[in-house]
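For reference, the structure discussed in these notes is given below.
Note that the coordinates shown come from a computational prediction; the quantities given were computed from them, not determined experimentally.
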Amino acid sequence: MSTNLAPRWAVRVAHLIPLLTLPVALWRLAWVFELPIGWEAAFYTAATDDWHDKLYLLGLSVLTEALALLSLGLVRRWGEVVPRWVPLLGGRPIPPLAATVPAGLGAAGLIVLWTPLPWMFLGPAQGGAPDGNGWELLMAVCYLPQMLWGPLLALLTVAYHRRRKGLSLTSREAVASVP
């Protein structure tokens with residue numbers, strides 16, 4: 001188990017990730033609660049016509065934020081040691097690969113998922129959104145920051161792995177000892 005503290009930059013990045021995903025969650029919640037966000041009425045109605053659709057959007061928002069909050073585990077003690085309140089496992093160290101493999105796969109998946117996103121906003125309006133009234137810009141402002149989630153999670157994963165293996169990214173002595 002590592003006693004190294006996470007670098008200050010990593011702690012900041014871990015706190016930033018849930019904030020990057022929050023605008024998308026709020027955009028989806030606008031649909032759930034039928035707030036006007038610039039779509040034509042027919043498109044909006046078709047996209048949220050029953051409670052299944054609304055439940056999906058609500059669940060997707062909650063899931064996205066919950067997954068984003070897991071990045072905090074890469075800089076907090078609960079990402080290194082199972083919390084004491086967990087039955088049978090409480091207090092045991094978490095093997096570094098148990099965190100780095102899922103985090104690394106998640107980072108890769110997010111990069112693949114969100115990399116094409118800017119191209120969606122370069123073409124003509126899709127799905128009944130009116131052109132030129134600012135709604136496309138607001139949607140882009142909500143969605144584009146989420147592109148950073150994957151690369152930032154990858155950085156956190158590398159920092160976590162190096163810290164748990166005894167090589168702190170901020171320690172000059174550890175870096176100097178690497179052949």
Side-chain angles (χ1 to χ4, degrees), residues 1-30 56-122 137-179:
M1 178 175 56
S2 171
T3 58
N4 293 341
L5 295 176
R8 189 178 304 170
W9 68 264
V11 173
R12 289 181 181 145
V13 167
H15 283 89
L16 176 65
I17 288 175
L19 297 176
L20 293 174
T21 61
L22 187 59
V24 176
L26 295 175
W27 181 268
R28 290 183 190 125
L29 291 177
Y56 168 75
L57 290 171
L58 180 63
L60 187 58
S61 295
V62 170
L63 179 65
T64 300
E65 284 304 308
L67 290 173
L69 285 167
L70 282 177
S71 64
L72 293 171
L74 297 172
V75 297
R76 294 285 183 232
R77 181 154 170 80
W78 57 266
E80 296 180 9
V81 178
V82 178
R84 292 240 178 246
W85 57 265
V86 176
L88 302 175
L89 299 174
R92 292 186 181 179
I94 296 173
L97 289 179
T100 55
V101 170
L105 291 173
L110 288 166
I111 290 168
V112 168
L113 176 69
W114 292 111
T115 297
L117 186 67
W119 305 110
M120 288 177 31
F121 294 107
L122 294 177
L137 178 60
L138 178 61
M139 186 175 184
V141 166
C142 289
Y143 273 83
L144 288 176
Q146 205 160 331
M147 285 181 50
L148 299 174
W149 185 7
L152 292 177
L153 181 58
L155 284 174
L156 281 180
T157 303
V158 170
Y160 175 88
H161 178 74
R162 291 181 70 170
R163 189 176 81 252
R164 293 291 307 274
K165 291 296 184 181
L167 179 62
S168 172
L169 290 176
T170 60
S171 171
R172 289 185 182 164
E173 299 82 20
V175 173
S177 69
V178 175

Nearest-0.5 Å distance, [atom1] of residue [X] to [atom2] of residue [Y]:
X	Y	atom1	atom2	answer
R77	L5	CZ	CG	11.0 Å
T157	R162	OG1	CZ	13.5 Å
L58	L63	CG	CG	11.0 Å

Go through the structure and list residues passing side-chain contact (heavy atoms from CB on, under 4.5 Å) with [X], not counting sequence neighbours.
X	answer
L137	V141
P83	W78, W85, V86
L110	W114, W149, L153
L22	L26, E65

Output a table of donor-acceptor pairs, distance under 3.5 Å, between side-chain atoms of residues 91-109 and any protein atom two or more places apart or on a different chain; print 'none' if there are none.
residue	atom	partner	partner atom	Å
T100	OG1	P96	O	3.1

For [X] against [Y], the heavy-atom pair lying closest together:
X	Y	answer
L57	R28	O-CD, 4.1 Å
W27	C142	CE3-SG, 4.0 Å
L69	P18	CD2-CG, 3.6 Å
A14	L156	CA-CD1, 3.7 Å

Pair M147-L20, side-chain contact (heavy atoms from CB on, under 4.5 Å): steps then yes or no: CA-CA 9 Å; M147 285 181 50; L20 293 174; over 6 Å; no
Derivation of the side-chain contact (heavy atoms from CB on, under 4.5 Å) call for L152 and L16: CA-CA 9 Å; L152 292 177; L16 176 65; 4.0 Å; yes
Residues in side-chain hydrogen bond (donor to acceptor under 3.5 Å, both in side chains) contact with R12, at least two apart in sequence or another chain: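 Expected list: none.
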Step-by-step side-chain contact (heavy atoms from CB on, under 4.5 Å) determination, L67 to T21: CA-CA 10 Å; L67 290 173; T21 61; over 6 Å; no
Side-chain donor/acceptor of R163 to backbone N/O of L74, under 3.5 Å: yes
